[in-house]
Amino acid sequence: MKIIQSTCNYCSIACNMDFYVEDGKIKKVIPTEKYPVNKGFSCIKGLNLDKQQTIRNFPKYPLLKQEDGTRKQIAWEEAYSIFSKKMKSIVEKYGCENVACISTGQLTLEDMSLVGHVFRNYIGGQLDGNTRLCMATSVVAHKQSFGFDSPPYTLNDLELSDVIVFIGANPIVAHPILWDRVKRNKDKNKKIVTIDIRRSETAKNSNYFYEIKPKSDLQVLYILAKYLIEKGWVDEEYIQKHTENYAEFKEHVKKYKYESLQEKTGICFSDIEELGKLIHEGKKVSFWWTMGINQGYQAVRTAQAIINLAVMTGNIGKPGTGANSITGQCNAMGSRLFSNSTGLYGGGDYADELKRKKIGEAIGVDPNIFPKGPTLPYNVIIEKIISGEIKALWILCTNPRHSWINNTEFQEAVKKLELFVVQDLYDDTDSSLLADLYLPVASGLKKDGTIINTERRVSRIKPVLQKADGEKTDFEVIYEIGKALGMGDLLEGWETPEKVFDKMVKATKDSPCDMTGINYKNLDEGYGIQWPFKKGEILENNERRLFENNEYYTPNKKVKFIFEDILENPTPTTEKYPYILDTGRGTVGQWHTQTRTREINYVNDTVPKLPYIYISKELGEEQGIKTGDEILIESINERVSRFKVLLTEDLSKEVMFSPLHYIETNNLTLSIYDTYSKEPSYKYTPIKIIKV
Ligand SMILES: Nc1nc2c(c(=O)[nH]1)N[C@H]1C(S)=C(S)[C@@H](COP(=O)(O)OP(=O)(O)OC[C@H]3O[C@@H](n4cnc5c(=O)[nH]c(N)nc54)[C@H](O)[C@@H]3O)O[C@H]1N2
Ligand SMILES: Nc1nc2c(c(=O)[nH]1)N[C@H]1C(S)=C(S)[C@@H](COP(=O)(O)OP(=O)(O)OC[C@H]3O[C@@H](n4cnc5c(=O)[nH]c(N)nc54)[C@H](O)[C@@H]3O)O[C@H]1N2
Ligand code: SF4
Ligand SMILES: [Mo]
């Protein structure tokens, strides 16, 4: 029996798994014991990776939509030819700015780089990723505050911290192995703190829980900063030496009044005193945030308010500390640095002439082929499809008919396209079913490449199984499309994932994410390597954090306090729509739009088949609603969805929660975005109940 170590390509922890393979079949899957991330553990999704595409009879050949709406199987060569002819004619007729591609955080770094090369460098179209729905806020916050998109921590910091603060994050459900690292922390007196708008699984298992009003984090964080400053519980020396803009920040937070705290946030002054004391008395305090922060209308500033807190208390760049944004999809970090969408390969800036030249030379292309500026963000792509400007869309490894905010609008939008191509494992996803051309691809079990996890660790995805006749990987399909488009010489040196990886590594030389010391050979030793890792460096410690030398990536090497006045909520609740819909992950076993996790029998058998919504017991009693009832919920934009009710004591009367795993949820959400990152505000929708 052969044992092949590869990486789980669901969540951003990127556990490694040992696949035991015999006669072309996976006999068992065991979490890799020596891997520094998951140390022999994994969640149910990783353990069931062998079920991928084995239960359903999935297609191996492309499907072309016919005039009567049925789909006909066609040969691969025909599909490439149709794609390239149609795409080229649309570009000719409407201009390259009117074709778009939406990629993902779930492909390999090599797949993403290649799509960037084909679609941005060659076609010159618009390219964004579903990472916009997820990590755009953190990216902007990091760039502005730290000078580069650089999550500073290593997962080991969870084992070293004595005060661990989760803000808008529910790792027990969303990142089980991150939570495992918390449980491995040996400090008996450690304090786990959760700030959420509902008593989440993580809140229930924390020592302290602060239940705040939806989207009131910025108020809480500014008042907490004001309190710490008044008490003198800040690290003056660190602030003096390594930060800028502190005096202005100090002045800014004075504005926020303790008197209005309770009304605005739902927590009281004694909570701020308690939280302030916890942070002050902690020796190694770490702050961790995820989608409760990133998905909001003032999200970037909220993320930066967390960064400000860590910095002003000197909790950064030391073991067990940090302002730590947790990523979501397995390769969210890779897509941020290598998709060539919002920035140049390796986290470069399109406007930086010097960098264009350097990266062009490093990867062997004329820098003039790089786009002149960043891509249109996802929401503008959709708006321009609706307005009839954008005429072609290619999506890879994402299911926006289900996951996009206000998703019914997506369905309406794609009807206007002249060409809609979906590249996915399955031909029956909500998006695949709408495609003019559907391109099937093999699962991660048959792919070769790398991904970068939440702590900047690069690891290998290796083919565990061989492809069947006709089956293609994403890399092959993208490459063949490039060929059919006529890229010719431009594809020289891009033939294999390894070649592309080596190119991308060269593009990072001397940048903060310098990976010139990483190659497939040293990755194949099986421990993963975090960036930065320069050529010639010796890896003494494989669990490293950034900013240990107190130098940031800004021009003056100082971290910047960034803040602004708190905005009015663009869509507050009204008398007619008095409740707020919160959305997010429902269970460990369910992954987003459930196309993959439906293949895990245990998950399928145990999760509700119908969409469900949690409502507080109190409200249920008041309104005569019971668990198991079916109700209709209407959102402020007058869309209606049907849910099964689950009454709970974990919510306040004003808030309801429905998981994103059901398409009905995003039927209700609104087209509201953060000002700077354009990340959707998925977690705040005014709604009302229509009883059934
Ligand atoms: N099982 C499973 N795991 C997953 C995924 C999955 O689909 N299934 N998806 C992966 C991906 S891509 C991502 S991005 C991560 C997401 O991981 P998380 O962000 O941890 O998950 P969510 O449930 O979206 O949201 C976290 C919490 O934010 C809270 N919240 C909502 N609004 C606010 C607010 O205004 N303030 C505060 N403080 N909290 C608020 C919600 O109540 C929720 O408990 O999970 C990853 N892991
Ligand atoms: N209401 C609400 N909506 C949300 C969120 C929320 O918190 N609330 N969270 C948002 C977030 S953070 C995220 S990340 C998004 C996720 O949204 P999506 O990315 O749309 O969700 P997935 O189900 O992961 O879609 C991945 C698709 O790729 C396919 N696939 C899997 N592996 C491969 C592969 O190797 N190659 C190809 N080509 N296809 C593959 C799968 O079958 C699936 O159809 O949802 C967002 N939507
Ligand atoms: S915790 Fe994440 S990476 Fe690890 S097995 Fe589960 S889904 Fe996969
Ligand atoms: Mo995500």
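Atoms within a ligand are numbered from 1 in the order they appear, just like the ligands themselves. Since the structure is predicted, the reported quantities are computational estimates derived from the model, not experimental observations.
At least one heavy atom of Thr429 sits less than 4.0 Å from an atom of ligand 2. Ligand 2 lies out of reach of Asp111, whose nearest heavy atom is not under 4.0 Å from it. Ligand 1 does not have Gln295 within reach: every non-hydrogen atom of the residue lies 4.0 Å or more from it. The shell of residues lying under 4.0 angstrom from ligand 1, judged by heavy atoms, excludes Leu660.
Geometrically, Arg198 engages Phe657 in a cation-pi contact, judged by NZ or CZ lying under 6.0 Å from the ring centre and within 45° of the ring axis. A cation-pi arrangement is present between Arg301 and Tyr676 under the rule of less than 6.0 angstrom and at most 45 degrees off the ring axis.
In this structure, of Arg585, Glu679, Met135, Gln329, the residue bringing a heavy atom nearest to atom 12 (S) of ligand 2 is Arg585. Distances from atom 31 (C) of ligand 1 to the heavy atoms of Asp582, Asn170, Ile580 show the closest one on Asp582. Of the options Pro680, Ser403, Ala442, the smallest heavy-atom separation from atom 17 (O) of ligand 2 is shown by Ser403. Counting heavy atoms only, Asp217 comes closest to atom 38 (N) of ligand 1 of the residues Asp217, Thr202, Val588.
Of all protein heavy atoms, the one closest to atom 41 (C) of ligand 2 is Thr595 OG1, 3.2 Å. When hydrogens are left out, the protein atom nearest atom 13 (C) of ligand 1 is Gly328 CA, 3.3 Å; that is the closest non-hydrogen contact. Summary of contacts: the protein heavy atom closest to atom 44 (O) of ligand 1 is Asp196 OD2, 2.8 Å. The protein non-hydrogen atom at the shortest distance from atom 3 (N) of ligand 2 is Asn666 ND2, 3.0 Å. Remark: minimum distance from atom 15 (C) of ligand 2 to any protein heavy atom is reached at Leu133 CD1, 3.9 Å.
Among the atoms of Thr669, none of the N or O lies under 3.5 angstrom from an N or O of ligand 2. Below 3.5 Å of separation, one finds no N or O of Tyr426 facing any N or O of ligand 2. At least one N/O-N/O distance between Gln590 and ligand 1 falls below 3.5 Å. Distances between N or O atoms of Asn130 and those of ligand 2 include at least one value under 3.5 Å. Inclusion of Cys11 in the set of residues having an N or O under 3.5 Å from an N or O of ligand 1 is not warranted. Any N or O atom pair closer than 3.5 Å counts here, and His661 shares no such pair with ligand 1.
Heavy atoms from both the backbone and the side chain of Ala174 come within less than 4.0 Å of ligand 1. With a 4.0 Å heavy-atom cut-off, ligand 1 is reached by the backbone of Thr587 but not by any atom from C-beta on. When non-hydrogen atoms are compared, ligand 1 lies under 4.0 Å from the backbone of Lys215 as well as from its side chain.
No hydrogens or angles considered: a donor-acceptor pair under 3.5 Å links the side chains of Thr104 and Asn130. A donor-acceptor contact closer than 3.5 angstrom links the side chains of Thr131 and Ser335. In the model, Gln590 has a side-chain atom that pairs as donor or acceptor with a side-chain atom of Thr587 under 3.5 Å. If you check the side chains of Arg639 and Asn406, you find a donor sitting under 3.5 Å from an acceptor. For the 3.5 Å distance criterion, the side chains of Ser431 and Asn399 qualify, holding a donor opposite an acceptor. Side-chain atoms of Arg596 and Gln52 include a donor-acceptor pair closer than 3.5 Å.
Every atom of ligand 1 with a heavy atom of Thr290 under 4.0 Å away is listed here by number and element: 16 (C), 17 (O), 18 (P), 19 (O), 20 (O). Applying the 4.0 Å criterion to heavy atoms of Leu107 picks out, from ligand 2, the atoms 36 (N).
Separation of the Phe410 and Trp404 ring centroids does not fall under the 6.0 Å cut-off. Between Phe643 and Tyr612, the ring center distance fails the sub-6.0 Å criterion.
Here Thr302 pairs with Asp217, Leu218, Leu221, Ile293 under the side chain to side chain contact (heavy atoms under 4.5 Å, CB included) rule; sequence neighbours left out. Taking Pro176 as the reference, Cys43, Val588 meet the side chain to side chain contact (heavy atoms under 4.5 Å, CB included) condition, with sequence neighbours excluded.
Remark: the backbone N or O of Thr571 is not paired with any side-chain donor or acceptor of Tyr297 at under 3.5 angstrom.
Using a 4.0 Å cut-off between charged side-chain N and carboxylate O, Arg585 and Glu201 make no salt bridge.
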